[in-house]
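Below is one structure, written out as structure tokens; the observations come after it.
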Amino acid sequence: KVVAVIMVGGPTKGTRFRPLSFNTPKPLFPLAGQAMVHHPISACKRIPNLAQIFLIGFYEEREFALYVSSISNELKVPVRYLKEDKPHGSAGGLYYFRNMIMEDCPSHIFLLNCDVCCNFPLPDMLEAHRTYGGMGTMLVIKVSAESASQFGELVADPITKELLHYTEKPETFVSDLINCGVYVFTPDIFTAIEGVSTHREDRANLRCVLSFESLQSVTRTFPMDFVRLDQDILSPLAGKKQLYTYETMDFWEQIKTPGMSLKCSALYLAQFRSASPHLLASGDGTKSATVVGDVYVHPSAKVHPTAKIGPNVSISANVRVGAGVRLISCIILDDVEIKENAVIINSIVGWKSSIGKWSRVQADGDYNAKLGITILGEAVIVEDEAAVINCIVLPNKTLNISVQEEIIL
Ligand code: GDD
């Protein structure tokens, strides 16, 4: 048997995702009309002999209750949310729930970061891992040398694929091969994590003999049960014939900012085009709007037949799109109303917002720039004919004049 664990983090981790993380946990934010965490979960479904999927985080249980029960029914695989009482780090969280994870005596455990966007080639990784042997195999990808420093950089043996060297977010360039945050491990991973805490405890005890203050300083920087997968496990185990790499040639992105969620929404919509085309709007028939490229429209949304939408548009539940509206590259969240002839480009429109007639909500579409996409928080009102360009607008604001390059608090 095999189990999968998805690390979803908690409310203190999603600060760069504001103002969109104010009223929805980041893992449930919709990309291509499906919760962010839905994409790795549905990829897990392709793993042979999958027994269970666990989501581990420190969000409140009630925030995930509805989602996990509906996804369990849909996929016919038990999906459980396990809440940590406090952050234990990416490896500490896994270790904290080791008894539950080992319930089905799995031979392998997949571990996935929730905030990455890729095609999750999990069965291929498992097959590769079986031929390499060792304790674990991680998904890796080549990125540009300029962007590599935001990730774990690594060196792998070109023939055996063994992980030879690993440095987390180094200040000086090591390699353009980086860690994708997707792993498969044998249960030996628990012994490795335990080793880190024991080692720390020994060091602390040693210092305790020397002075009480130094014990305090050790536990302050590293509480005994806080273990990071990258620095504490991958770095020390590199070059010890324990860890191997599997390189993907397909797409991969990290989703830390709202701008990246718009980019990743496009990547997942494009994936639907080949994997599940029934999820995309077709635009066929005289009563439906004109659809350009990949578009998702929730069945409860009402789009006027004279509207033109796409490419890369996701429309959530109960949205109303009026006559003559033009939507390009945007995510429209639940219960938004878009009135006649409004134009929305490179933007995310928050829940229950209202976009006035002949108004424009748009941005340049530079996903990495701070104001590269326009974001409207929950219940923002853009009045008729106003233009909101390259702005971030916090919840409950009313805009009756045009604004540009501003953060509206
Ligand atoms: N449950 C739980 N508890 N989850 C956590 C905790 C914790 O205490 N800390 C982090 N996570 C989750 C995050 O939500 C995320 O999904 C994943 O673990 C990794 O988060 P970080 O440890 O903050 O690392 P990162 O995202 O900056 O970088 C990691 O991922 C990159 C790929 O996206 C590193 O492993 C990099 O090397 C890697 O390139």
Side-chain angles (χ1 to χ4, degrees), residues 4-17 21 25-29 35-37 39-41 53-61 63-64 80-98 100-101 110-118 120 136 138-144 147-156 163 165-171 174-183 185 189 193 196-197 222-235 237-238 243 245 247-248 251-257 260-261 263-264:
V5 176
I6 304 176
M7 298 307 277
V8 298
T12 55
K13 286 245 150 203
T15 48
R16 274 188 280 174
F17 216 66
S21 55
K26 177 176 140 179
L28 297 182
F29 186 81
M36 186 184 291
V37 71
H39 301 278
I41 289 179
I53 301 172
F54 300 96
L55 310 184
I56 299 183
F58 46 98
Y59 289 100
E60 288 307 321
E61 253 135 0
E63 303 208 69
F64 281 84
R80 283 157 77 183
Y81 176 71
L82 305 177
K83 182 185 182 286
E84 295 164 81
D85 50 357
K86 57 167 194 187
H88 292 88
S90 41
L94 182 77
Y95 186 75
Y96 189 72
F97 291 110
R98 63 196 175 282
M100 275 186 240
I101 295 167
F110 276 93
L111 181 68
L112 288 76
N113 288 5
C114 161
D115 57 0
V116 299
C117 165
C118 65
F120 300 102
M138 59 198 284
L139 190 68
V140 303
I141 193 169
K142 271 212 168 70
V143 296
S144 69
S147 65
S149 65
Q150 307 164 39
F151 310 106
E153 296 184 16
L154 56 101
V155 180
L163 177 73
H165 178 77
Y166 185 92
T167 318
E168 184 60 23
K169 304 184 182 88
E171 274 169 28
V174 174
S175 162
D176 56 2
L177 201 57
I178 62 120
N179 171 9
C180 294
V182 178
Y183 317 83
F185 291 114
I189 184 67
I193 302 172
V196 176
S197 321
F222 292 123
M224 296 304 173
D225 53 0
F226 189 90
V227 185
R228 300 157 302 175
L229 186 65
D230 23 51
Q231 287 101 316
D232 300 329
I233 307 282
L234 304 179
S235 289
L237 285 183
L243 298 172
T245 58
E247 187 177 344
T248 178
F251 67 96
W252 182 86
E253 297 290 344
Q254 194 187 40
I255 320 160
K256 294 288 185 199
T257 59
M260 285 309 294
S261 73
K263 181 173 188 185
C264 294

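Worth knowing before you read on, the calculation uses all heavy atoms, side chains too, and leaves out hydrogens, waters and symmetry mates. We count ligands from 1, going down the list as the structure has it; atoms in each ligand are counted the same way.
The residue Tyr96 has no part lying near ligand 1, judged by heavy-atom distances below 4.0 Å. When heavy-atom distances to ligand 1 are checked against a 4.0 Å cut-off, Gln150 has no atom that comes that close, whether in backbone or side chain. Residue contacts with ligand 1 for Val116 involve side-chain atoms from C-beta outward but no N, CA, C or O (heavy atoms, distance under 4.0 Å). When heavy-atom distances to ligand 1 are checked against a 4.0 Å cut-off, Val8 comes that close only through its backbone atoms N, CA, C and O. The proximity of Arg228 to ligand 1, defined as any non-hydrogen pair under 4.0 Å, does not occur for either the backbone or the side chain. With a heavy-atom cut-off of 4.0 Å, Tyr183 touches ligand 1 through its side chain alone. Of the heavy atoms in His88, only backbone atoms (N, CA, C, O) come closer than 4.0 Å to ligand 1. Here Trp252 has side-chain heavy atoms under 4.0 Å from ligand 1, and that is the only part of it that gets that close.
The ligand atoms of ligand 1 that sit less than 4.0 angstrom from a heavy atom of Phe58 are 3 (N), 7 (C), 8 (O). Heavy-atom proximity to Tyr166, at under 4.0 Å, picks out these atoms of ligand 1: 37 (O). Interface of Lys256 with ligand 1, defined as ligand atoms under 4.0 Å from a residue heavy atom, comprises 25 (P), 26 (O), 27 (O). Per-residue contacts place Phe151 under 4.0 angstrom from the following atoms of ligand 1 (heavy atoms of the residue considered): 39 (O). For ligand 1, the atoms sitting less than 4.0 Å from at least one non-hydrogen atom of Ile56 are 1 (N), numbered in the order shown with element in parentheses. Against a heavy-atom cut-off of under 4.0 Å, Gly57 is close to the following atoms of ligand 1: 1 (N). Close contacts between ligand 1 and Asp230 involve ligand atoms 34 (C), 35 (O) [criterion: under 4.0 Å to a heavy atom]. Near Pro87, with a cut-off below 4.0 Å to any heavy atom, the atoms of ligand 1 are 8 (O).
No donor-acceptor pair under 3.5 Å is formed between the side chain of Lys26 and the backbone N or O of Val8. No donor-acceptor pair closer than 3.5 Å links the side chain of Glu168 to the backbone N or O of Asp230. A distance-only check finds no donor-acceptor pair linking the side chain of Ser90 to the backbone of Arg228 [under 3.5 Å]. A distance-only check finds a donor-acceptor pair linking the side chain of Glu84 to the backbone of His88 [under 3.5 Å].
Polar contact check, Gly9 against ligand 1: a nitrogen or oxygen pair lies under 3.5 Å apart. The shortest N or O to N or O distance between Gly152 and ligand 1 is below 3.5 Å. Geometrically, ligand 1 and Met7 share a nitrogen or oxygen pair separated by less than 3.5 Å. Between Cys114 and ligand 1, an N or O atom pair is found at a separation short of 3.5 Å. Between Gly181 and ligand 1, no N or O atom pair is found at a separation short of 3.5 Å.
With distances taken over non-hydrogen atoms, the option nearest atom 32 (C) of ligand 1 out of Val37, Val182, Asn179 is Asn179.
Using bins of under 30°, 30° to 60° and over 60° for the plane-to-plane angle, the ring pair Trp252/Phe151 lands in the perpendicular bin.
Looking at Tyr166 and Asn179, their side chains do bring a donor and an acceptor atom within 3.5 Å of each other.
No heavy atom of Ile178 sits closer than 4.0 Å to any atom of ligand 1. Using 4.0 Å as the threshold, Lys169 has a heavy atom nearer than that to some atom of ligand 1.
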Going through the distances and angles, do Phe29 and Phe17 end up as a ring-ring contact (aromatic ring centres under 6.0 Å, His included)?
-> CA-CA 10 Å; Phe29 186 81; Phe17 216 66; 5.4 Å; yes

